Amino acid sequence: LDNLPHVLSRGASLYQAIFNKGGIFTGMVYVCIGMVLAEKKVSVKNIYCIGGYILVYCIQKVNSNIHLSNLLSIVEAILFFMFILNIKCKEYKEYVKLRKASTIIYLSHLLFFSFYTIILINNPNKLGLDSFLVTVTLSVLNAVILMKLSKIKGFEWIKMII
């Protein structure tokens with residue numbers, strides 16, 4: 001960045017601050033993988049998922065190749081998703097609320113993370129316990145507020161965006 005002209009350098013810095021070096025696009029890969037696995041009902045026995053996950057984790061610890069590590073992270077996610085999809089739970093009415101809250105949290109967490117790291121502490125994309133706790137707290141609070149507001153007369157329009 002230091003060798004680029006000032007305007008390009010500022011543009012590249014802004015891009016990195018907004019997209020966290022590709023984080024938003026990386027996350028979409030995992031969402032798409034999860035959707036495909038759920039839609040196609042891909043299934044592997046849990047013992048193989050756990051064993052594969054542990055094996056991939058161990059390989060990552062001794063591996064120094066960043067490309068292999070990125071690929072193994074995707075394999076790790078696939079094994080984790082398949083494990084989760086194998087869990088059978090009874091259907092409870094609370095699940096509908098939890099799925100709605102999960103969607104709201106997923107769609108809003110980056111806004112709260114960015115607000116905290118860029119505006120409040122002026123340290124874009126700072127990872128750590130403080131960033132995590134602020135992001136979780138604000139995202140869950142946002143989900144609860146939006147879900148409650150959407151049930152109040154005059155605020156039904158919120159249902160269209162959540």
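Small disclaimer: the values here were computed from a predicted structure and weren't measured.
Y106 places a side-chain heavy atom less than 4.5 Å from the side chain of V31. At least one side-chain heavy atom of K100 sits under 4.5 Å from a side-chain heavy atom of I104. Proximity of T137 to V134: side-chain heavy atoms (C-beta onward) are nowhere separated by under 4.5 Å.
Cluster annotation: V75 and I54 are assigned to the same hydrophobic cluster (Ile/Leu/Val/Met/Phe/Trp/Tyr, side-chain heavy-atom contacts under 4.5 Å, transitive). F132 and Y30 sit in two unconnected hydrophobic clusters of ILVMFWY residues. Membership requires side-chain heavy atoms under 4.5 Å apart, directly or through other members. Note on I50 and I84: same hydrophobic cluster, where clusters join Ile, Leu, Val, Met, Phe, Trp and Tyr whose side-chain heavy atoms are under 4.5 Å apart, directly or indirectly. Hydrophobic clustering keeps F81 apart from V36 (ILVMFWY residues linked when any side-chain heavy atoms are closer than 4.5 Å, directly or through intermediates). Hydrophobic clustering of Ile, Leu, Val, Met, Phe, Trp and Tyr side chains at less than 4.5 Å, counting indirect connections, unites L141 with I158.
If you take CG on N122 and OH on Y116, they are separated by 12.0 Å, rounding to the nearest 0.5 Å. Annotation: the span from L133 atom CG to L138 atom CG amounts to 10.5 Å, rounded to 0.5 Å. Between the CG atom of L55 and the CG atom of L79 there is a distance of 9.5 Å, given to the nearest 0.5 Å. With rounding to the nearest 0.5 Å, the separation of NZ in K40 from CE in M35 is 12.0 Å. Atom-to-atom distance recorded for I59:CD1 and L68:CG is 7.5 Å, nearest 0.5 angstrom. Here the straight-line distance linking atom CG of L37 with atom SG of C32 works out to 11.0 Å at 0.5 Å rounding.
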Could you check I74 against N70 for side-chain contact (heavy atoms from CB on, under 4.5 Å), going step by step and ending with a plain yes or no? CA-CA 7 Å; I74 293 173; N70 289 338; over 6 Å; no
Just do the side-chain contact (heavy atoms from CB on, under 4.5 Å) check on S43 and L85 with the steps written out, would you? CA-CA 8 Å; S43 182; L85 289 172; over 6 Å; no
Can you check side-chain contact (heavy atoms from CB on, under 4.5 Å) on Y53 and F83, steps first, answer last? CA-CA 10 Å; Y53 190 89; F83 176 80; over 6 Å; no
The test is side-chain contact (heavy atoms from CB on, under 4.5 Å); show your working for S150 and F155 and say whether it passes. CA-CA 5 Å; S150 69; F155 290 97; over 6 Å; no
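Annotation for M147 and K97: closest pair CE-O, 3.4 Å, computed over non-hydrogen atoms. In plain terms, the two heavy atoms of Q60 and S69 that are nearest each other are NE2-O, 3.2 Å. Nearest heavy atom pair, residue V56 against residue E76, reads CG1-CB, 4.1 Å. The nearest pair of heavy atoms linking I105 to S139 is CG1-O, 3.7 Å. Residue M82 comes nearest to N46 through the heavy atom pair O-OD1, 4.4 Å, listed as atom of the first residue, atom of the second, then distance.
Summarising the local packing, CD of E39 is surrounded by 12 or fewer heavy atoms from other residues, nucleotides or ligands at distances under 6.0 Å. Atom NZ of K126 is surrounded by more than 12 heavy atoms from other residues, nucleotides or ligands within 6.0 Å. Residue I47 qualifies as open at atom CD1: its count of foreign heavy atoms under 6.0 Å is 12 or below. The number of heavy-atom neighbours closer than 6.0 Å to OH of Y57, taken from other residues, nucleotides and ligands shown, is 12 or below.
Side-chain N or O atoms of T117 include one that pairs as donor or acceptor with a backbone N or O of F113 at under 3.5 Å.
In this structure, Y95 and Y92 have perpendicular ring planes: the angle between them is above 60°, well past the 30° mark.
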